[in-house]
Structures are given as structure tokens and as C-alpha cells.
**Student:** 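Structure incoming, see below.
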Amino acid sequence: MGGFSIWHILILAIIVMLIFGGNRFSSMMGDVAKGIKSFKAGMADDEDEKKQRYEEQRRNEPPRQLPRDQARPQEPIDVTPRPAEPAAPPKDEEGR
């Protein structure tokens with residue numbers, strides 16, 4: 001009821017094989033596989049070209065310099081714990 005079962009797909013595949021013939025159908029599938037392989041190869045070539053351009057650009061750039069503030073060593077931050085100060089006792093309203 002609205003969904004394709006394995007039998008529907010099997011019957012459809014048999015009809016396609018009868019219309020196109022086994023040899024013609026397999027050659028079409030081979031062409032599709034070649035197309036996918038060439039597409040993947042093209043994508044890999046694009047990635048290689050991008051990587052090569054990036055590396056050439058990095059080689060041609062002068063080395064980066066740190067700003068003057070970061071070039072000087074700064075004093076280290078003191079992180080040693082200090083003893084807690086004793087808490088003052090609460091004062092009453094009467095002034096004791």
C-alpha cells in the first residue's frame with residue numbers, strides 16, 4: 001500500500017533488463033561507474049591544487065613578527081594560596 005517491497009523492485013529490474021538487454025544495461029552501469037571515478041579524481045585534483053597554492057603562498061610570505069608587547073617576557077602571575085583571614089564575630093543589635 002504505497003511502499004515498494006522487494007517483489008516490486010525485482011519485477012521492475014526484470015522489466016528494465018528486458019527493455020535494455022543485459023549487455024546494454026551492464027555497459028550503461030560501467031559508464032556510470034567511470035563517471036563517478038572521474039568525478040572523484042577531479043575533486044582530488046582540486047584539493048591538491050588548493051594545497052599546493054596555499055603552500056606556495058606561505059613560502060612567499062615573510063615570517064610573521066610578534067607584536068612588541070608579546071615579544072617581551074612578562075612577570076609571572078603569583079598563584080600561591082594565602083591563608084584565610086579570621087571572620088569577625090557578628091555584632092548584636094544591643095552593641096555587645
Side-chain angles (χ1 to χ4, degrees):
M1 284 198 171
F4 287 108
S5 70
I6 189 71
W7 293 110
H8 291 107
I9 296 171
L10 187 62
I11 292 171
L12 185 64
I14 291 172
I15 291 172
V16 168
M17 290 288 254
L18 290 174
I19 292 173
F20 291 112
N23 192 19
R24 187 171 175 194
F25 186 73
S26 67
S27 67
M28 283 192 314
M29 291 281 91
D31 292 341
V32 169
K34 287 178 186 176
I36 292 172
K37 286 180 184 178
S38 66
F39 177 75
K40 286 183 180 180
M43 293 299 290
D45 290 344
D46 288 345
E47 291 293 323
D48 291 341
E49 288 175 10
K50 283 182 184 179
K51 186 184 251 186
Q52 186 178 12
R53 272 191 306 226
Y54 176 74
E55 289 174 358
E56 286 177 8
Q57 186 180 19
R58 290 288 301 218
R59 275 189 239 123
N60 293 336
E61 289 179 357
R64 295 182 186 173
Q65 298 290 329
L66 291 175
R68 287 186 159 252
D69 296 336
Q70 293 178 358
R72 285 184 271 138
Q74 297 179 355
E75 294 181 22
I77 300 173
D78 184 21
V79 292
T80 54
R82 293 192 171 88
E85 295 180 15
K91 293 184 179 181
D92 291 339
E93 292 181 19
E94 296 176 9
R96 289 189 208 178

**Student:** What residues form a side chain to side chain donor-acceptor pair (under 3.5 Å) with Ser5, not counting sequence neighbours?
**Tutor:**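 Here the qualifying residues are His8.
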**Student:** Among all residues two or more places apart in sequence or in another chain, which pass the side-chain contact (heavy atoms from CB on, under 4.5 Å) test with Ile14?
**Tutor:** Leu10, Leu18
**Student:** Sequence neighbours excluded, which residues qualify as side-chain contact (heavy atoms from CB on, under 4.5 Å) partners of Met28?
**Tutor:**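 side-chain contact (heavy atoms from CB on, under 4.5 Å) list for Met28, sorted by chain: Phe20, Phe25.
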**Student:** Apply side-chain contact (heavy atoms from CB on, under 4.5 Å) to Val32 and list each qualifying residue two or more places apart in sequence or on a separate chain.
**Tutor:**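 For Val32 the side-chain contact (heavy atoms from CB on, under 4.5 Å) partners, ignoring immediate neighbours, are Met29, Ile36.
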**Student:** Roughly how far, to the nearest 0.5 Å, is OG of Ser27 from NZ of Lys34?
**Tutor:**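 The OG atom of Ser27 is 9.5 Å from NZ of Lys34, to the nearest 0.5 Å.
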**Student:** Can you name the salt bridge (charged side-chain N to carboxylate O under 4.0 Å, His left out) partners of Asp78, sequence neighbours left out?
**Tutor:** Arg82
**Student:** Would you please name every residue forming a side-chain contact (heavy atoms from CB on, under 4.5 Å) with Glu56, sequence neighbours left out?
**Tutor:**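 Residues passing side-chain contact (heavy atoms from CB on, under 4.5 Å) with Glu56: Gln52, Arg59.
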**Student:** Cluster question for you: counting only ILVMFWY and a side-chain heavy-atom cut-off of under 4.5 Å, with indirect links fine, are Trp7 and Ile15 together?
**Tutor:** no
